[in-house]
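Below is one structure; the comments refer to it alone.
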Amino acid sequence: MSSRRVRPSLLPLLSLGLSLLAAAGLPAAGVPAAPEIPKEVRRALDRLIDDKIKQIGEQKNEAGETFQRGYCAKNYRPAEGGGYRVTLYKDVITAPKEMKRERYELILAPGEDGDWRIASEEK
């Protein structure tokens with residue numbers, strides 16, 4: 001059996017190719033793929049997060065100015081006990097030219113009425 005060696009000049013190209021495959025969302029070996037979320041559930045979760053981000057952006061400081069914004073990649077992960085877990089970020093202006101970023105882990109779960117809600121919010 002003969003072994004083949006990869007020429008050093010091809011290593012950057014090979015590395016780039018593997019990076020592109022990883023960025024394309026192909027699961028890594030040994031890592032289980034996230035379960036598919038039904039479209040109706042995903043829409044409900046997206047609306048819930050969009051409403052939360054809107055609430056964050058609507059808050060005003062003493063001068064009546066918007067001073068914070070929220071954003072979320074909407075990368076929902078299964079949560080223990082049902083529902084989904086997602087990370088939400090909030091940027092807050094603390095002084096002129098100063099901003100702090102806060103990170104929250106939200107648990108989204110269906111309520112007794114079937115509507116999705118934020119069951120918990122941890123900083």
Side-chain angles (χ1 to χ4, degrees):
M1 178 191 295
S2 66
S3 62
R4 297 182 75 189
R5 296 180 70 189
V6 176
R7 293 188 302 180
S9 62
L10 294 178
L11 288 178
L13 185 59
L14 180 60
S15 177
L16 175 65
L18 291 174
S19 297
L20 289 173
L21 286 175
L26 298 176
V31 176
E36 189 67 28
I37 300 174
K39 284 184 180 183
E40 290 176 17
V41 172
R42 178 169 279 284
R43 279 191 216 115
L45 298 176
D46 287 348
R47 276 193 306 272
L48 185 61
I49 293 299
D50 290 342
D51 289 346
K52 177 70 174 174
I53 290 171
K54 183 178 177 185
Q55 288 173 355
I56 291 169
E58 289 176 342
Q59 294 181 7
K60 309 284 184 192
N61 63 13
E62 300 82 31
E65 301 167 326
T66 300
F67 69 104
Q68 58 187 11
R69 66 180 175 199
Y71 59 97
C72 178
K74 298 179 182 175
N75 181 19
Y76 305 111
R77 305 170 308 280
E80 291 181 21
Y84 294 93
R85 179 181 227 67
V86 68
T87 304
L88 178 115
Y89 297 92
K90 183 165 67 169
D91 292 337
V92 181
I93 296 172
T94 56
K97 297 187 180 186
E98 287 185 30
M99 182 176 65
K100 73 175 179 176
R101 177 165 292 149
E102 299 172 349
R103 179 180 179 265
Y104 296 87
E105 278 294 312
L106 307 180
I107 303 285
L108 311 176
E112 292 180 15
D113 58 1
D115 288 340
W116 286 86
R117 60 185 174 75
I118 297 174
S120 73
E121 184 174 323
E122 296 177 18
K123 198 170 185 183

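Scanning all heavy atoms of the two residues, the minimum distance from Lys100 to Glu102 falls at CE-OE2, 3.0 Å. When all heavy atoms are compared, the tightest approach of Arg117 to Leu48 is C-CD2, 3.5 Å. Thr94 approaches Met99 most closely through the heavy-atom pair OG1-N, 4.2 Å. Across all non-hydrogen atoms, the minimal contact from Ile53 to Gly70 is CG2-O, 3.3 Å.
Here the CG atom belonging to Leu108 is positioned 10.0 Å from the CD atom belonging to Glu121, to the nearest 0.5 angstrom. Between atom CZ of residue Arg43 and atom CH2 of residue Trp116 there is a gap of 14.5 Å, rounded to the nearest 0.5 Å.
Using a 4.5 Å heavy-atom threshold, the side chains of Thr87 and Arg77 count as touching. Side-chain contact between Ile49 and Tyr76 is present, with at least one heavy-atom pair separated by less than 4.5 Å. Tyr84 places a side-chain heavy atom less than 4.5 Å from the side chain of Val41. Proximity of Ile93 to Asn61: side-chain heavy atoms (C-beta onward) are nowhere separated by under 4.5 Å.
Using a cutoff of 4.0 Å between basic side-chain nitrogens and carboxylate oxygens, Asp50 and Lys74 are scored as salt-bridged.
By the criterion of side-chain heavy atoms lying less than 4.5 angstrom apart, applied directly or through intervening Ile, Leu, Val, Met, Phe, Trp or Tyr residues, Tyr104 is grouped together with Ile118 in one hydrophobic cluster.
Residues passing the side-chain contact (heavy atoms from CB on, under 4.5 Å) test with Ile56, sequence neighbours excluded: Lys52, Gln68, Leu88, Lys90. For the ring-ring contact (aromatic ring centres under 6.0 Å, His included) test, residues two or more places apart in sequence or in another chain that qualify with Tyr71 are Tyr89.
Atom CD of Glu58 has more than 12 heavy atoms from other residues, nucleotides or ligands within 6.0 Å.
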